[in-house]
Chemist: 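Quick one: the structure is below, and I'll ask about it shortly.
Only heavy atoms go into these numbers, but all of them, side chains included; no hydrogens, no water, no symmetry mates.
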Amino acid sequence: MTGFAALLAAPAAQAQYTAPAPDPGFRYIFDGTATGSDASFDKWLFAAGTAAQSRPASEGGLGQATLNTSNGAIDVGASPFGAYWYPVKAFGDAVFRIQYQVQDTPTSTRNGGVMIRTPEVRYTGADTNAVLAQKPTGFNFDVCPGAIPLCNRTEPAPSTTYKWPGSTPNLPPAFDYTGGYCARSTAAGVYNVNGLNGQPLTTNGNANNHQHWTQVACGHEVQINETLTGGGPQPSTDPIKTGSIYNFRNLNAEQSRTYERLDKGVWHEMEIRTIGQQYTVLVDGKILNQFDNAIPKTASRAGDPPTMARQLAAGYLGLQTHGGNDRISYREMQVKEFTAADLPVNTVAPSVSGTGYQSEPLTCNHGGWNAAAGSTRWVTWYRANKIPENHPRFRAPNQLDYNNTTTPPTSRSGTANLTWLDAQIVGEGNTYTPTGADLGKTIYCQVSVDNAGATVFKTALAPEIIVARDVPVGGTVPATLSLNVAAASFEPFVPGVEKDYTASTTATVISTAGDAKLTVSEPGHLTNGAFTLPEPLRVSFSKSSWDAPVSNEEVDVEFKQLIKDTDPLRTGTYSKTLTFTLSTTNP
C-alpha cells in the first residue's frame with residue numbers, strides 16, 4: 001500500500017501531443033508539432049500593424065502566441081488585435097476543418113475568428129505613404145498584388161472592374177463596379193456605389209499600413225464569439241456570433257446556437273467551405289451560415305470595403321487574435337482542396353412554382369445539376385426586404401437593407417433583444433407555405449448541392465406573395481348532338497330528255513363533342529310504287545366532319561339524279577327516305 005501511494009503521488013510526465021490521422025482527403029496545415037513540416041507551428045506568421053509590429057515577440061514584435069504541447073494547440077496568449085496566418089499556400093476551392101476552444105481560465109473571454117481569402121500583407125515600406133505606393137490603386141483580386149519582392153513585382157498590379165452579370169430580380173441588376181483597392185482608404189467618388197449613409201461610399205485608412213486590417217478589408221472574417229447577448233451565463237455586448245460572415249451576414253445567439261457551446265475548455269470543430277465565391281460554415285457538423293460573396297453588397301460597418309472589392313479567387317487562411325482577454329485556441333487544422341471536376345455545376349436554373357397566394361404552398365424545383373455520384377442536396381427558403389430602384393444602395397445593398405428587426409430574447413439566448421439581419425431563413429425542404437409575414441417581401445429558395453465538402457448553391461425567386469384566392473365560376477354543358485335537315489325536291493323529270501337533275505337542302509349541325517361526323521345512308525334509287533329509276537341517287541355535303549365543338553353550323557346538302565333519254569318514267573312521284581347521322585367517337 002505504501003508503494004502504491006507513492007506511485008500515485010509521483011507526477012506523470014507530460015507527453016507531446018500527437019494529432020490523429022487527417023480525415024480522408026484532407027491534410028494538415030497545423031498538426032501541433034513545433035517544427036519539421038509545413039504543418040508545424042513555426043510556419044505560422046503573425047499579422048498585426050506595421051511590418052515591425054507583426055514580428056513575433058522574440059524579434060521585438062507583438063505576437064504572443066505559443067504552442068501548447070499538451071493539447072497540440074496554438075494558444076494566442078496576450079497577442080493584440082491581429083491574426084496568425086498560414087503563408088505556405090493560398091487556397092481557392094477548398095474546405096477547412098479547424099478545432100477551436102475557449103481557454104479554460106477564469107479571465108478568458110470568447111472572441112476570435114478565422115480569416116479566409118486574404119491577400120499577401122507583408123509590405124515593408126518605410127512609412128504609410130511608401131506602403132500605399134506599393135499597393136494597387138483600384139480593384140485587384142490577385143493574391144500577391146504588391147510592388148514587393150514577395151510578389152515579384154516592381155509595380156503594383158493593374159486595377160480592374162467588377163462585372164456583375166445580374167441574377168434573380170431580388171438582387172442588383174447587371175452592372176460594372178469600380179472602386180479602390182480593398183486595403184487602402186478611398187474618398188467619395190472612387191466607388192460608383194453608395195455607402196451605409198446613402199452617400200457615395202468611402203473607405204477608411206485602417207488597412208493602409210496595417211497587416212491584419214488588410215486581411216479584414218480584403219478577405220472575410222468568419223466570426224468566433226461563443227457568448228449570449230446581454231446577461232446570463234457568458235454574456236457579451238457583441239451581437240455578432242460564431243459563424244457570422246462579419247458585417248456582411250451576421251448571426252445572433254439564436255441563429256449561431258452559442259447556447260450549445262458555453263463551456264470553456266471544450267473543443268469544437270468549425271468547417272469552412274470556400275467554393276468559388278460561395279462560403280458555407282458549419283460548427284460541430286451543423287450548417288450555421290451560407291454566403292455568396294459574388295453578390296454586390298456593402299458592409300454594415302461604415303468604412304469597410306464592399307464585396308465587389310473582395311473578389312479573390314484564392315487567398316490565405318488566418319486565425320484572429322482579438323486582443324484583451326479574448327483567448328481562443330486552435331488545433332488540428334486540416335484542408336482538402338478541390339479541382340474543377342469535383343465541383344457540382346448547375347446546368348438548368350432552379351425555379352419556383354405556385355400561385356404566390358398566402359397560405360398556398362410553393363414548390364422549389366431543383367433545376368439541373370452535374371454532380372458526382374453520392375452528392376447530396378437540400379433546399380432552404382429565405383425572406384428579405386425588397387430593394388426598390390430608388391433606394392440609395394440599390395446597386396449594392398447591405399444586410400441592414402435586406403432585414404433589420406429585433407425580437408425579445410429567448411430563454412437560451414441571453415437577456416438582450418435579438419437582432420436579425422440580412423435575408424432570413426423561413427423554411428427548409430422542397431415546399432414552403434407563405435404567411436402574412438411574407439407580404440411585401442421577396443421569397444426565394446436556395447438549392448445547395450454538396451460533393452464531399454464542395455458545396456455550391458443557386459437561388460430562384462418565388463412569385464409575389466399576395467392575399468388572393470381562386471374562386472371557380474362556371475356551368476356545365478350537357479353532351480349534345482343535334483341535326484336538322486329539311487326535305488328536298490327535284491324539279492319535274494321530263495321523259496325522253498337526258499338531264500342531270502339537282503336538288504339541295506341545308507343540314508343544321510350542333511355538336512359539343514371533341515369531334516363529329518355527318519354521314520348519310522346508302523341513297524339507292526328513287527322509286528314510284530313498283531317503278532324504280534335506273535340511275536342511282538347521289539348525295540354530297542359541303543362539310544362532313546368537325547374536330548371541335550360547333551353550334552348551328554349550316555351544311556349544304558346536294559342531291560343529283562341522272563335521267564337518260566331512254567329511261568322509262570311512270571306518272572307520279574319518285575322518292576326515297578334517307579337517314580342522315582351525326583356521330584362522334586369523342587363525346
Chemist: Show your working on side-chain contact (heavy atoms from CB on, under 4.5 Å) between V494 and Y501 and close with a plain yes or no.
Modeler: CA-CA 10 Å; V494 177; Y501 293 84; 3.8 Å; yes
Chemist: Can a salt bridge be assigned to the pair R273 and D450 using a cut-off of 4.0 Å between side-chain N and carboxylate O?
Modeler: yes
Chemist: So, the side chain of Q358 versus the backbone of A437: is there a donor-acceptor pair under 3.5 Å, distance only?
Modeler: no
Chemist: Determine whether T442 and Y402 make a side-chain contact, defined as any pair of heavy atoms from C-beta on separated by less than 4.5 Å.
Modeler: no
Chemist: Take atom CG of D547 as the centre, draw a 6.0 Å sphere, and report whether it contains more than 12 heavy atoms from other residues, nucleotides or ligands.
Modeler: no
Chemist: Kindly write out the residues that satisfy ring-ring contact (aromatic ring centres under 6.0 Å, His included) with F291, not counting sequence neighbours, or none if the list is empty.
Modeler: H220
Chemist: Can you tell me how far CD of E360 sits from OG1 of T355, rounded to the nearest 0.5 angstrom?
Modeler: 4.0 Å
Chemist: Excluding sequence neighbours, so at least two apart, what forms ring-ring contact (aromatic ring centres under 6.0 Å, His included) with F531?
Modeler: none
Chemist: Strictly distance-based, threshold 3.5 Å: is any side-chain N or O of N451 a donor or acceptor partner for the main-chain N or O of S375?
Modeler: no
Chemist: Nearest 0.5 angstrom please: Q290 CD to Y382 OH, how far?
Modeler: 5.0 Å
Chemist: Do K336 and D342 sit within salt-bridge range, that is, some charged N less than 4.0 Å from a carboxylate O?
Modeler: no
Chemist: Looking at OG1 of T118 and CZ of R310, how far apart are the two atoms once the value is rounded to the nearest 0.5 Å?
Modeler: 11.5 Å
Chemist: Identify the two heavy atoms, one from P344 and one from A454, that lie closest to each other, and give their separation to 0.1 Å.
Modeler: CD-O, 3.5 Å
Chemist: Is the shortest side-chain heavy-atom distance between Q223 and L251 below 4.5 Å?
Modeler: no
Chemist: Quick one: do K441 and Q424 satisfy side-chain contact (heavy atoms from CB on, under 4.5 Å)? Show the steps, please.
Modeler: CA-CA 11 Å; K441 308 287 186 178; Q424 295 298 302; over 6 Å; no
Chemist: Please find out if less than 6.0 Å separates the ring center of Y191 from that of F139.
Modeler: yes
Chemist: With sequence neighbours excluded, what pairs up with Y162 under the ring-ring contact (aromatic ring centres under 6.0 Å, His included) test?
Modeler: none
Chemist: Say you draw a straight line from CD1 of I245 to CD1 of I240; how long is it, rounded to the nearest 0.5 Å?
Modeler: 11.5 Å
Chemist: Show your reasoning for whether salt bridge (charged side-chain N to carboxylate O under 4.0 Å, His left out) applies to K560 and D500.
Modeler: CA-CA 7 Å; K560 287 187 177 183; D500 210 359; 5.1 Å; no
Chemist: What closest approach, in Å, do L518 and F541 show between heavy atoms, and which atom pair accounts for it?
Modeler: O-CE1, 3.8 Å
Chemist: Please round to the nearest 0.5 Å and tell me the distance separating atom OH of Y574 and atom CG of L537.
Modeler: 14.0 Å
Chemist: Only one of T407, T406, N250, N403 passes side-chain hydrogen bond (donor to acceptor under 3.5 Å, both in side chains) with W420; say which it is.
Modeler: T407
Chemist: Closest heavy-atom contact between T455 and T280?
Modeler: CG2-OG1, 3.7 Å
Chemist: Given the rule in the salt bridge (charged side-chain N to carboxylate O under 4.0 Å, His left out) test, do K564 and E498 qualify, once you have shown the distances and angles that lead to the verdict?
Modeler: CA-CA 4 Å; K564 293 183 177 180; E498 184 165 322; over 6 Å; no
Chemist: Picking from N194, T298, N197, D401, what satisfies side-chain hydrogen bond (donor to acceptor under 3.5 Å, both in side chains) with R393?
Modeler: D401
Chemist: Applying ring-ring contact (aromatic ring centres under 6.0 Å, His included), can you list everything that pairs with Y177, at least two apart in sequence or on another chain?
Modeler: F175
Chemist: State which residues pass side-chain contact (heavy atoms from CB on, under 4.5 Å) with K458; sequence neighbours excluded, sorted by chain then number.
Modeler: N346, P350, W369
Chemist: Please report the closest heavy-atom contact between C182 and A309, naming both atoms and the distance.
Modeler: CB-O, 3.6 Å
Chemist: Could you check if a side-chain atom of F457 sits within less than 4.5 angstrom of a side-chain atom of Q278, using non-hydrogen atoms only?
Modeler: yes
Chemist: Within a strict 4.5 Å, meaning less than it, do heavy atoms of the V352 and L461 side chains meet?
Modeler: no
Chemist: Taking all atoms of both residues into account, what is the closest heavy-atom pair of V555 and S542, and its distance?
Modeler: CG1-OG, 3.6 Å
Chemist: Just how far is it from atom CG of D304 to atom OG1 of T203, taken to the nearest 0.5 Å?
Modeler: 8.5 Å
Chemist: Which pairs with one or both residues in residues 432-478 pass disulfide (SG to SG under 2.5 Å), sequence neighbours excluded?
Modeler: C364-C445
Chemist: So, for A513 and T584, which heavy atoms are closest and what is the spacing to 0.1 Å?
Modeler: CB-OG1, 3.3 Å
